[in-house]
Amino acid sequence: MIDLCIKNCKILSEPSSCSINIDQGKIIDITKTPLKAEKTINANNNVVLPGLIDIHVHFRDPGLTYKEDFKTGSQAAANGGFTTVMDMPNTIPPTNTTKAFQDKLNIAKQKSIIDFGLHSGVENLKEAKKIARLKPASFKLFMDTIDGGFMQEAFKTISNISVSEREKCDESEENNETLRPMITLHAENKDLVNHCTEQMKSKGENIPGNYAKARPAVAEEVAVAQALALAYHHNTKIHFCHVSTKKSLELISNAKTFMKNISSEITPQHLFLDDSTFEKYGNLAKTNPPLRKYAEKISLEDLKQIDIIGTDHAPHSLEEKEKNVWEASPGIPNLEVVLKLLLTQYNNGKIGLKSIERLLCENPARIFNLNTKGFIVKGMDADLVIIDLKEEGSIKSDEFYTKAHYTPFEGVKYQGAPIMTISRGKIVMDQGKIYENQGQYIYP
Ligand code: DOR
Ligand code: ZN
Ligand code: ZN
């Protein structure tokens, strides 16, 4: 007898209702009639998607666990329908040495209730090769904090690691390509950001809306162009985090016509909000890159050019968010809102479920080399999210599992929500209740 059968599932690849049969954490078959199992769950003809994959979260563990830790962060993820997360390196200490990387891996293994990967920092380029052997999801470059010279060094060093790692391996050329470490980018030009910020500060107008002017669209667009040029020169696989302007997207789309291995991501805030949000929510809407003017921003119609929706789940304490515009911490906790917001747009006829699956399951798995995730297919990990397309409510941050109980989406009405999350065949969320589980490292 198998471990688990989920019957009456609507999956996007099958015309009619089916059963997903699971044993030892894997999907062993998809059948018309349910197989005999230790436990059977009735999905009641609800839509079932592959568990969502978020390649961009900040779980603050170690060092900043008053904001979030791997337990609460992964619980928030499970509550939002996610079964895999990849954590960013800006913790204390930063994840930029083999020791820090190993230490964070141990923390995540103990605390995470869903599967996880870790991004590496780049500040210790001398260690980059050793870190690469621990299989970071990527090397993350915060262009807003590093100089052009160091950028060049980082691209050169990381691109060379990929070559030497490839030479060492004796599998086929094509498979080896996937071993190349990639670079993920926070693309905002440091000099432009610093210059414009000083200018705005010197005017003495401390209204939150001025934050967007202190980090203008052009600072992002210049950084995107810089990174594309370096990736072209070094033949580097790159992923642009939180692209926020139409022009940045245009630059990336143009580059894709003659370059391989470039991908782009959008966050819920850059998709759904614009700079008018500052008026209502103040610094709760403060994020880097900042929210853009309505005319500059990317809209739902542009999503076909985007590869991934990443939440950039970036929790801070409320005190940190309530400081003045220049001192308040940038970042928004998004894991528990993104799917509800997208399903609402589905119900409004603005986005297809297939697009949601492409942006939050299939592409993250493909781009970040997760061969057993992102698809509901025989042989894959049994990572699933059951969705009730009819469930209605409004976003309430006091119901979040994240430690950050605020959101600029507070009170937004939604229709459609995740009702059950399953990680490798184990229920981790059922109707908003979270269950214990031991998440695994995705690049063992
Ligand atoms: O808004 C942001 N918050 N942007 C970043 O790049 C960092 C992040 C954080 O870690 O809080
Ligand atoms: Zn960033
Ligand atoms: Zn981030």
Side-chain angles (χ1 to χ4, degrees), residues 54-70 73 76-77 85-96 104 117-123 137-146 151 183-190 193-194 197 208 211-212 214-215 219-220 223-224 227 238-245 248 263-271 273 275 277-278 281-292 308-321 323 325-335 338 364 402-404 406-408:
D54 192 352
I55 69 107
H56 189 163
V57 303
H58 298 264
F59 280 177
R60 314 299 193 199
D61 203 347
L64 297 163
T65 52
Y66 65 94
K67 297 177 198 256
E68 193 78 292
D69 62 46
F70 244 101
V85 286
M86 301 183 203
D87 185 55
M88 285 297 169
N90 56 337
T91 41
I92 300 178
T95 323
N96 59 18
K104 192 187 269 190
L118 306 179
H119 296 277
S120 170
V122 291
E123 295 77 4
S138 81
F139 286 90
K140 172 79 184 274
L141 261 76
F142 288 90
M143 293 177 75
D144 55 340
T145 62
I146 58 179
M151 268 285 286
I183 292 181
T184 48
L185 295 146
H186 177 118
E188 284 187 290
N189 179 280
K190 180 186 169 194
V193 163
N194 287 349
T197 302
Y211 193 67
R215 302 176 78 102
E220 176 176 307
V224 166
I238 53 169
H239 171 78
F240 287 99
C241 295
H242 46 50
V243 174
S244 72
T245 79
S248 297
S263 52
S264 58
E265 162 198 307
I266 190 163
T267 69
Q269 67 262 27
H270 293 110
L271 183 60
L273 305 176
D275 64 355
T277 313
F278 288 121
Y281 289 98
N283 295 326
L284 295 188
K286 177 175 170 178
T287 182
N288 293 345
L291 300 179
R292 301 301 184 192
I308 285 177
I309 292 179
T311 67
D312 195 2
H313 179 81
H316 297 282
S317 73
L318 200 52
E319 279 144 46
E320 289 168 323
K321 293 298 282 179
K323 293 180 181 170
V325 58
W326 306 117
E327 302 299 323
S329 300
I332 299 174
N334 280 320
L335 280 165
V338 65
T402 173
K403 291 184 184 178
Y406 57 82
T407 168

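Order of appearance sets the numbers: ligands from 1, and atoms from 1 within every ligand.
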Practice task
Could you tell me the residue and atom name of the protein heavy atom closest to atom 6 (O) of ligand 1, and the distance to it rounded to 0.1 Å?
Solution key: H186 ND1, 2.9 Å

Problem - Atoms in ligand 1 with a heavy atom of F142 nearer than 4.0 Å - result: 6 (O)

Handout entry: Note, K104 side chain near D87 side chain (heavy atom, < 4.5 Å)
Key = yes

Completion exercise
Any heavy atom of H316 under 4.0 Å from ligand 1? The part involved is side chain

Problem - N or O contact, T287 vs ligand 1, cut-off under 3.5 Å - result: yes

Handout entry: Side chains of S317 and K67, donor plus acceptor under 3.5 Å
Key = no

Practice task
Report yes if the side chains of L335 and D54 come closer than 4.5 Å at any heavy-atom pair, otherwise no.
Solution key: yes

Exercise for the section: Kindly indicate whether the side chain of R215, heavy atoms from C-beta on, has any atom under 4.5 Å from the side chain of E220. Expected result: no

Problem - Atom indices of ligand 1 within 4.0 angstrom of A314 heavy atoms, with elements - result: 3 (N), 8 (C), 9 (C), 11 (O)

Problem - E319-Y66 side chain donor-acceptor pair, cut-off 3.5 Å - result: no

Practice task
Could you see which bit of N90 sits under 4.0 Å from ligand 1, with heavy atoms only: side chain, backbone, both or neither?
Solution key: side chain

Problem - the Zn ion (ligand 2) reached by H56 (N, O or S, under 2.8 Å) - result: no

Practice task
Report yes or no: do H239 and E265 form a side-chain donor-acceptor pair below 3.5 Å?
Solution key: yes

Handout entry: Close approach of R60 to ligand 1, heavy atoms, under 4.0 angstrom
Key = yes

Exercise for the section: Would you indicate whether the side-chain heavy atoms of Y211 and N288 approach each other to under 4.5 Å? Expected result: yes

Problem - Donor + acceptor pair across side chains of H58, H313 (<3.5 Å) - result: no

Problem - For atom 3 (N) of ligand 1, closest protein heavy-atom neighbour - result: P330 O, 3.0 Å

Problem - Closest H186 atom to the Zn ion (ligand 2) [N, O or S only] - result: ND1

Practice task
Among all protein heavy atoms, pick the one closest to atom 4 (N) of ligand 1 and tell me residue, atom and distance.
Solution key: N288 O, 3.0 Å

Handout entry: Of the N, O or S atoms in D312, the one nearest the Zn ion (ligand 3)
Key = OD1

